[in-house]
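Down below is the structure, laid out as structure tokens.
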Amino acid sequence: MTEKSVPVSEFVARARAVLAANDRGGYTVPTHGLYPFQWNWDSAFVAMGFATFDIDRALRELERLTEGQWDDGMIPHIVFHAPSDTYFPGPDVWGTRHRIPTSGITQPPVLAIALAEIARRAGHHEQTRIAALYRAALRNHRWWAQARDPDGTGLVALLHNWESGRDNSPEWDAPFARVPETTTTEIRRRDTGHVDAAMRPRDSDYRRYIHLVDAYRNVGWNPEKMWAIAPFKVADIGVNSILLAAEESLLGLARTCGEPGDAPEIEARMMRMRAGLQRVWSVERRQFQSRDLNSGELLAVTTSAGFLPLLTDAPTPEQAQQMMRALVQIARGGAMLVPSTAPTESGFESKRYWRGPVWAVVNWLIAQGLERHGDASGADAILDGTQAAIERAGLAEYFDPLSGEGLGGQGFSWTAAIYLLMVERQRARREAA
Ligand code: GLC
């Protein structure tokens, strides 16, 4: 069904209404039913969406997220603020020890990026809150370096695929081939009760995801022990790019939050990470790629995350050009930009979660990256396509890149947030023209 006749202002109202409906008291669930808690990177995008009309609420979202931060600086991928029985695996399966129950793994560190965006818009009276969140983000970045790059290589590792935020990307197929399907936890999938099983990860994949949870719970979620036993250890190109971009945001915040003394520490990590990213450039495929740290192999799959180094100054001008050309090629093939997995890959499936569908949040990040590297019209094309898909198919979780169909959960918070950001950007563009 097409909703073309509906004016943009009406969609803005709907997007705000989705955020209001998913508000559980200062934090926002990704969508009703399927995801009934606070998710880490969802919240960062949601906060940016709120910032287009309510700075106080935007900061509140991040404050509630950091209520889940562990003493060692880790920010969990889920904060279980209130009980719900519509999701598996819940707090009992994770068995962590935080005051508020949380999961034991993390997610892409968008926090500092969101905070910088909010700080840019906020009045001076919010400075104390911003400074507190700045310190939470700083502790988090230190955790990433210590716990997930203990050898100081400049690339941080994920120990669970859910940490990538791109749960079942074909990049993880090879590393998962070594992860057993055995679990000591009884698997009670709830996701397939909300959404068609053909769009979700397969059962065999799910058993491996839970095998990892069992393994880390058995070592008490201790970072050194987890690192030592990790059956899954991957330097995800998405998270590494986002972390470097987040460090840059943090550096800007250090100056405005009156903590310039933190700058050398942040800059040192940034320098290491730039060098780290250069080591995962595939000369053969002309792309940045994830690396399996257990086998040492680059994971040769073109995914949307492969474009995220554009968010940073790590790519050379030549590498940036190659990435832009790859995007043009995907679009010429007829797919909506940016499919989570390129349609030319054998693992591509247009409707199955991160094996093909398009996510508005990833598009937003890639557009920021294109702009940074001087391709404003490429950024416009991606965002206009995303906006049109939402206006046609609703505020869905994700979109089929071949048909444009809206899939997964509906009334999705981060899609609503990105919609608000896109409309605002479009307005600014029009005013500047
Ligand atoms: C899925 C996605 C993840 C997201 C979560 C909540 O697990 O893969 O990226 O954070 O849903 O929306």
Side-chain angles (χ1 to χ4, degrees), residues 18-19 21-22 24 27-49 61 65 68 75-81 84 86-90 93-94 102-111 113-114 158 160-172 176 189-197 199-202 205-206 208-210 212-213 234 236 238-239 242 303-305 308 338-341 349 351-365 395-399 406-418:
V18 162
L19 293 183
N22 291 337
R24 295 290 179 273
Y27 73 93
T28 310
V29 299
T31 188
H32 173 72
L34 182 62
Y35 297 117
F37 309 107
Q38 188 177 25
W39 259 258
N40 179 334
W41 75 322
D42 294 60
S43 270
F45 290 108
V46 161
M48 288 192 265
E61 185 75 32
L65 175 66
I75 301 183
H77 97 297
I78 306 176
V79 186
F80 299 107
H81 288 287
S84 165
T86 63
Y87 179 82
F88 174 86
V93 177
W94 292 98
T102 70
S103 72
I105 57 171
T106 189
Q107 251 191 343
V110 184
L111 171 65
I113 298 175
L158 307 187
H160 195 295
N161 56 310
W162 283 338
E163 300 195 301
S164 70
R166 302 179 298 113
D167 302 3
N168 63 333
S169 166
E171 284 157 288
W172 319 142
F176 263 120
R189 285 187 74 165
R190 297 288 162 85
D191 56 329
T192 45
H194 301 284
V195 173
D196 185 347
M199 297 182 197
R200 299 288 307 180
R202 296 186 169 81
D205 296 327
Y206 228 83
R208 293 185 159 111
Y209 304 167
I210 300 300
L212 295 178
V213 175
V234 160
D236 167 27
V239 161
I242 289 172
T303 65
S304 51
L308 292 178
V338 178
S340 45
T341 301
E349 293 180 72
K351 290 186 174 18
R352 197 183 294 277
Y353 228 40
W354 291 92
R355 301 180 85 88
V358 176
W359 258 263
V361 286
V362 178
N363 280 4
W364 175 256
L365 293 177
L395 294 157
E397 185 175 5
Y398 48 88
F399 300 87
L407 303 169
Q410 279 292 339
F412 226 86
S413 298
W414 66 7
T415 311
I418 297 298

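All values reported here derive from a predicted model rather than from experimental measurement. Numbering of ligands and ligand atoms starts at 1, following listing order.
- Relative orientation of the Y353 and Y398 rings is perpendicular, given thresholds of 30° and 60° on the angle between their planes.
- A donor-acceptor contact closer than 3.5 angstrom is absent between the side chains of E397 and Q410.
- Protein neighbours of ligand 1 below 4.0 Å, counting non-hydrogen atoms: P30, Y35, W39, W41, D42, Q107, G165, D167, Y353, W354, F412, W414.
- Contact between S103 and P76 at its shortest, heavy atoms only, is O-CB, 3.7 Å.
- The closest side-chain heavy-atom distance from V358 to N363 is below 4.5 Å.
- The aromatic rings of F412 and W414 lie tilted to each other, with the angle between the two planes from 30° to 60°.
- The salt bridge (charged side-chain N to carboxylate O under 4.0 Å, His left out) check on E163 picks up R148, with sequence neighbours excluded.
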